[in-house]
Amino acid sequence: ILNVEQSPQSLHVQEGDSTNFTCSFPSSNFYALHWYRWETAKSPEALFVMTLNGDEKKKGRISATLNTKEGYSYLYIKGSQPEDSATYLCAFTSYNTDKLIFGTGTRLQVFP
Amino acid sequence: DTGVSQNPRHKITKRGQNVTFRCDPISEHNRLYWYRQTLGQGPEFLTYFQNEAQLEKSRLLSDRFSAERPKGSFSTLEIQRTEQGDSAMYLCASSLLGENNEQFFGPGTRLTVL
């Protein structure tokens, strides 16, 4: 059974705080790790796709790292803004399937 | 808007009725996926197509569920004899073969079965 776990389940931070979330996934048969941001009433938005151990990706104030040997990824948000409030989902794909296996998400609320 | 679109956005139905949802993928994408998300869970895979061929179906997909992609473009997901447990957000995504399987999602159809 392939299991993807995310922590924390939810997070409340003040505007300007930096924050990070964890995604853990099976390290065997790894192909790619995806991060999505999902705001209420909108489509999940792809943030990053990472495939290589040690990968680091950055988009504005958001960055992510990947460790495929130990099976975890971190997502960092620097200087959180209220518009960062959303559910952040990670998903794993393995070599023998193209489906995304999602974690349950981290729900972030940023207060002004 | 050239993203993935889904219709309807919301559907309320009575138990026992049939419902059909539609997904229009990004036009050049040859892969199309259906996922279902229930409260407190992440999206769960249901099925996917490459062009018009249905390549994989989850064991979650009971006999009451059927999906088609007849011309390799849009797809429909039909649920027959709906049950209250079918209430969920149904998400569609599309991708290009290769490209690290980066999937682009539509806004979903929220189904409520009364």
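As the structure is a computational prediction, the values presented were derived from the model and not from experiment. Every chain is numbered from 1, with letters handed out A, B, ... down the list of sequences.
- Hydrophobic cluster membership differs between A:Tyr36 and A:Val4, with clusters built from Ile, Leu, Val, Met, Phe, Trp and Tyr side chains linked at under 4.5 angstrom.
- When the heavy atoms of residues 72-80 of chain A are compared with those of chain B, none of the residues falls under 4.5 Å.
- At a threshold of 4.0 Å, the pair A:Arg61-A:Asp84 counts as salt-bridged, since one of the basic side-chain nitrogens sits closer than that to a carboxylate oxygen.
- Only the side chain of B:Arg9 has a heavy atom closer than 4.5 Å to any heavy atom of chain A.
- Checked for salt-bridge contact, B:Glu83 and B:Arg64 meet the test: a charged N lies under 4.0 Å from a carboxylate O.
- With a threshold of 4.5 angstrom between heavy atoms, A:Leu100 approaches chain B through its backbone and through its side chain.
- Counting heavy atoms from C-beta outward, A:His34 and B:Gln103 have side chains that stay 4.5 Å or more apart.
- Residues of residues 32-40 of chain B lying under 4.5 angstrom from chain A, judged on non-hydrogen atoms, are B:Tyr33, B:Tyr35, B:Gln37, B:Gly40 in numerical order.
- Side-chain heavy atoms closer than 4.5 Å link hydrophobic residues (I, L, V, M, F, W, Y) into clusters, and following such links, even through other members, never connects B:Val4 to B:Phe74.
- Of the inter-residue distances, the one linking B:Asn101 atom CG with B:Ser95 atom OG reads 4.5 Å to the nearest 0.5 angstrom.
- Between A:Phe30 and A:Phe92, the ring-plane angle classifies as tilted under the 30° and 60° cut-offs.
- Annotation: side chain of A:Phe48 is not in contact with side chain of A:Thr65 (no heavy-atom distance under 4.5 Å).
- Among the residues in residues 45-58 of chain B, those with a non-hydrogen atom closer than 4.5 angstrom to a non-hydrogen atom of chain A are B:Phe45, B:Tyr48, B:Glu56.
- The number of heavy atoms from other shown groups lying within 6.0 Å of NZ (A:Lys59) is above 12.
- Follow the hydrophobic side-chain contacts under 4.5 Å out from B:Leu91 and you never reach A:Leu47; the two are in separate clusters.
- Listed by first and then second residue, the disulfide (SG to SG under 2.5 Å) pairs involving residues 9-103 of chain A are A:Cys23-A:Cys90 (not counting sequence neighbours).
- Residue B:Thr20 holds its OG1 atom at 8.5 Å from NZ of B:Lys11, rounded to the nearest 0.5 Å.
- Using cut-offs of 30° and 60° on the angle between ring planes, the pair A:His12 and A:Phe111 is perpendicular.
- In this structure, B:Ile26 CD1 and B:Arg31 CZ are separated by 15.0 Å, a value rounded to the nearest 0.5 Å.
- For the options A:Pro44, A:Ala91, A:Ala41, A:Ala32, heavy-atom pairs under 4.5 Å to chain B are most numerous at A:Pro44.
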